[in-house]
Each structure stands twice: as structure tokens, then as C-alpha cells.
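Reviewing the structure listed below.
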Amino acid sequence: MRVSLGPPERFPEGKLTTVDLRGEEGVFDEAVVWRWHDRLYAVRNYCSHQGGPLCRGRLVPRVTADREGGGLNSDGDVPLLRCPWHRWEFDPATGRAIVDPAVRLKTWPITVENGNAFLEITSTRRMNVTAAIKTDASREGGHS
Amino acid sequence: MTYASPVIDCDVHHVLGAQQRLYEYLPRGWRDHLEGNSQGLMPVMTRTPFATPYQATVRQGESFESLAGDADALCAEIFSDGRVERAVLTYSDLRGLNGLRRPYYAAEVAQAANRWTTDEWLEKDPRLFGSVIVATHLPEVAAKEIARAGQHPQMVQVILTASAMHATYGHPVYEPIFKAADDLGLPVAICDGTVGEHTPPAGSGGMLSYWAEYNVLRAQTHMTHVVSVLSSGTLDRFPNVRLVLLGGGLGWIPGLMWRFDADYRGCRSEVPWLKEMPSETFARRVRVTSNPLDPAPDRAAMRELLACFEDPAAVLVYSSGFPYGTTESVDDIEQLLDADLLARVCHENARELYGWPHGSSAPSIPASEHRSMA
């Protein structure tokens, strides 16, 4: 099922936005959506480690170390999503934790057609799902 | 006795006794320096301020010097029953080396100690193996000493006592030491406790007052250095180095690694030099001497403790701790360790650690010298 999110520009570059997913019975899930270099990412607003609210997390560079000395590299192409509770880092493309890839976030693919973004939901039980930006909970990545 | 195969003893303390024994091993310039400034007396090297219990030996009425003060006496003790085929010497009173406050002098004493070990111990019996002791005040100088002394075929590891610079051993200032060990493929042994008057306290919260405290808390030194070395990625940068933890027991390790693994998941970006779960690195690269074996209430409790390790048979290497009062024979550790572990603990793990070929024959001494072993 495709759920319309509206134009990609609704999601500011590098900022985490909470989106309510609403079915006929009401809100049944929350997504965290962000845009990075004109690509949109979406994960469930629930850390698979201990349930932390990912909407309050941060997008952080993937920092790696040189083999020698104290040099650090920062792979800024795709920042990692860091949970605010225990600072676990997740690859937004796969949803997998960097240190423990067996732990994985629920991710949703997003497609863009004719200037409109769509969240691809695999659930077939629900009909007429809509998405609404949760303005009171939307926030820039906070301190963790 | 159920384990009847050969034994490698990884922690035997050879004793200097009088520091003046090293005098002749010092360069002429330093001997003149001491003559001119302290009537030839060498600065006091404090091993520990807890003198009385520390002096307990394996046999009442015997002194450290009489039991382990020269190669003949020591070999007569540890090889007499024919079970031990190799013994790694790890110093005793010289572990106070890094308490010396004069950095160049400390480096000279370290070199003298290694020459003394080579000349008066290793050259006297091929079953004895040595540890290159270094003063850590000047890591570049220490590295040169490792490169020099470590060339001797019976020098099989580097030994680090208390940190002279008050920095933990993962601090990059010590990298020359690890690089030198890496170049020669030598493990690096880290001593427990080793509290002196001028080295960091063995108790992490402050200075201790009693031996009873010190003895219980001695593993705190290991905790500090192991966490430091793993966090800083030292073992990743120096792939030939393995750590050997001397004398601190093993009961503390599972809990520390559980905590370390859990925290690493959230702190990876702060210590990106650590490239895998700390417990994984520990399992592959760290070995722990058995003495003093944690006094578990029974064999089942020890079995449960070891089950907390990734490979329970791989973590321990047998050590007697001779000639201290806490010395443990293979018969002693058999009281707590299951029989199926003994071949690994008493022989195979150490053989792999020190790179002795599988099936290599035990070193032997000429028959003409057997007299001294009787």
C-alpha cells in the first residue's frame, strides 16, 4: 500500500519529522521521516534495542578510525540515525545497527512520483491509510 | 593427580633479592653516577608497602632468595617432579621498577635486569624463558630495549608493571612498546596490582591501607588496562600482540565484558578504533594466568564461571605463582577445573600463546648439568 506524504520539500533536509500513520481505527503507527541529499528515509519511531523514540535522536556522520594514529574519517554521504536513549547507531538504508547488525529497525521505502512522496507499507489488513505530520512532536534532532 | 601430561608454567617469579646484584650490569657511567651521588647505593625500588604478608613463601621458613634467587635453586624446585617442561620467568621484586622516579636510570635498570635474566637464568637452563621488563617512563627507549633483549630466543614476552607515567596502557604514548612487541611477535604481559609509592594505586578509588584490601582488589589494575587497551584499538593496530594478564584471577572478566559490550553499542563513535565487540577481541587476544585461581566454592561453580567465556578452554594458561605463598600446583587447580580442560590450560594454550610448535620436544639440559636440578 502506498501512503502519500506530500511533496518531499515538506521534510527539511537533515531534520527528523514524525509522521502519524492513521487507519480507519485511528493512529496505528509512527514513522520518522527525513530527507538527506534529496533522498527520503523512513523508519518506525521505535528503537529495536529498547524502544527509544527515534524522533528525538540525531543524524550523525559515520565516524571511522584510521588504522594508524588518531586520524578519524567521516563518511558523510549517508548519516547514521542515532537513538537518543542508548546512542545505538543505525544505517538508515538497511535499518541495521552498526555494531550489532542482527538488531534492525523497521524501515519503509519511499518513492517519489510527479513531485509527491509515497511511503510503501506492506500491511494489507488496513485500508485507507493516511499520513499526517505530527507537528507538535516534530523536532530537529535533539541532544542525546 | 589425573593430568599426567607436560605442563608449561606461565608465571614463575625469579627473585633479585638485593638490588645491588644489578650493579655490575649497569653501564660504567651510571655506576660512577651512583658512586658520586649516593655512595654507590641504588635508589629504593618499592614493590609494595604491604611487607609482611607479601613475604609469605610457598614453604614456611624459606626466603624468596633461597627458593627462587638463582637458577639452580629455582629449577630444583619447579622441575623436580618432571611435570613442568617449560617455565616463564616474570620477576618479583623488580616489578617495582616503574616506581623509580629517574626516567633514564629506570631504563638502565630495566636493561640491567634483562641482561641479568639472560645471563644468570636463561643461559643456565633451556627450560627457563624470560619476559623483557621495561621502564615505561620513556616508551621509545623501552621499545629499543625490547628490540634488543627480545632477540634472545628464550625471551618470549614483554612484561609491563605499574604504569610509570600514570597513563593507562592504551594511551598512544605507549605505542612504541606495543610496536616493538609486535615486530617480534611477543605477547605483552600486564601485572596485577604492583602498587608502589610512586605508581598509580592498585585500588582505583585511592590508596589502600592493608594487604587484605590489596589482595582482593588486585584485578582492578587489569580492568583498567584491559579496557584502555581495547578501547584504543591497540590490539587492532598491532595484530601480532596478545595480552597476558598475570595474577588477577578471572571471575571479574565476564561481568566487565558484558558491560563493555553493552556500552560499546552506544559508544562506538567515541572509540571507533575498537572495531568489534570488546568481548570478541578479548576472546581472541587475551589470556589469563590461572594463579591465583578464583576460589570458587566447588567445581560446579567454576564450571559455571568458565561457561561465561566464549571458549572456556582457551582463556586460562596455567601458572604456579611460585614461590609466593599462594603458589598452586596442577594438582591444586585440578580440584576446581574439569579434567577435559587441563590439557588446554596446562599446556596447549601456552604453547600457542608463545608460539612453540605443536609437538615440539621439551627443552632439555645436558646430562652433565642434571646434578644441579636434583
Side-chain angles (χ1 to χ4, degrees), chain A residues 14 16 32 36 43 46-106 141-144, chain B residues 139-140 143 165 167-183 188 227-242 254 256-285 310:
Chain A
L16 303 178
V32 179
W36 185 259
V43 300
Y46 182 88
C47 179
S48 300
H49 172 218
Q50 288 190 359
L54 294 173
C55 65
R56 296 171 188 253
R58 293 186 70 172
L59 297 174
V60 295
R62 183 195 296 254
V63 175
T64 57
D66 285 343
R67 183 166 181 82
E68 295 183 4
L72 295 180
N73 304 309
S74 181
D75 178 1
D77 287 349
V78 181
L80 306 174
L81 176 60
R82 189 165 76 192
C83 176
W85 278 8
H86 301 98
R87 297 167 56 95
W88 284 39
E89 299 167 311
F90 295 90
D91 182 335
T94 64
R96 295 187 185 278
I98 299 303
V99 168
D100 189 354
V103 179
R104 192 175 186 182
L105 303 179
K106 169 62 182 170
H143 295 291
S144 56
Chain B
E140 293 284 358
M165 301 298 288
T168 53
Y169 284 131
H171 194 289
V173 73
Y174 294 118
E175 291 213 347
I177 291 173
F178 285 92
K179 182 176 187 311
D182 188 70
D183 288 344
V188 174
V227 171
S228 169
V229 168
L230 293 179
S231 297
S232 62
T234 304
L235 296 182
D236 184 66
R237 285 191 292 285
F238 303 108
N240 297 317
V241 171
R242 291 216 270 180
L256 186 79
M257 287 299 128
W258 293 337
R259 168 57 55 199
F260 203 173
D261 280 357
D263 287 357
Y264 174 61
R265 290 177 170 93
C267 298
R268 184 210 66 84
S269 62
E270 189 195 2
V271 286
W273 305 274
L274 177 54
K275 305 260 174 69
E276 61 181 351
M277 289 291 188
S279 64
E280 294 173 352
T281 307
F282 189 98
R284 287 187 292 104
R285 307 286 295 280
E310 188 172 300

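Atoms considered below: every heavy atom in the structure, side chains included; atoms not considered: hydrogens, waters and symmetry mates. We name chains A, B, ... by the order of the sequence lines, and we start the count at 1 in each one.
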Can you tell me how far apart CZ (B:Arg268) and OG1 (A:Thr64) are? Round to the nearest 0.5 Å.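 That separation rounds to 7.5 Å.
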Using side-chain heavy atoms (C-beta onward) and a distance below 4.5 Å, is A:Leu72 in contact with B:Trp273?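 A side-chain contact under 4.5 Å exists here.
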B:Asp263 side chain reached by A:Arg87 side chain, heavy atoms, under 4.5 Å: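 Side-chain contact under 4.5 Å: no.
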Looking only at heavy atoms, which two atoms of A:Glu89 and B:Ser269 are closest? And how far apart?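 Looks like OE2-CB, 3.2 Å.
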Just by modelled atom types, is the A:Ala97 backbone N or O under 3.5 Å from a matching donor or acceptor in the B:Arg265 side chain?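 No, the answer is negative, given that no donor and acceptor are paired below the 3.5 Å cut-off.
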Residues, nucleotides or ligands: over 12 heavy atoms within 6.0 Å of [X] [atom1]:
X	atom1	answer
B:Lys179	NZ	no
B:Met277	CE	yes
B:Glu140	CD	no
B:Arg259	CZ	no

For chain A, which of B:Pro172, B:Pro272, B:Ser232, B:Cys267 has the most heavy-atom pairs under 4.5 Å?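 Most heavy-atom pairs within the cutoff with chain A belong to B:Pro272.
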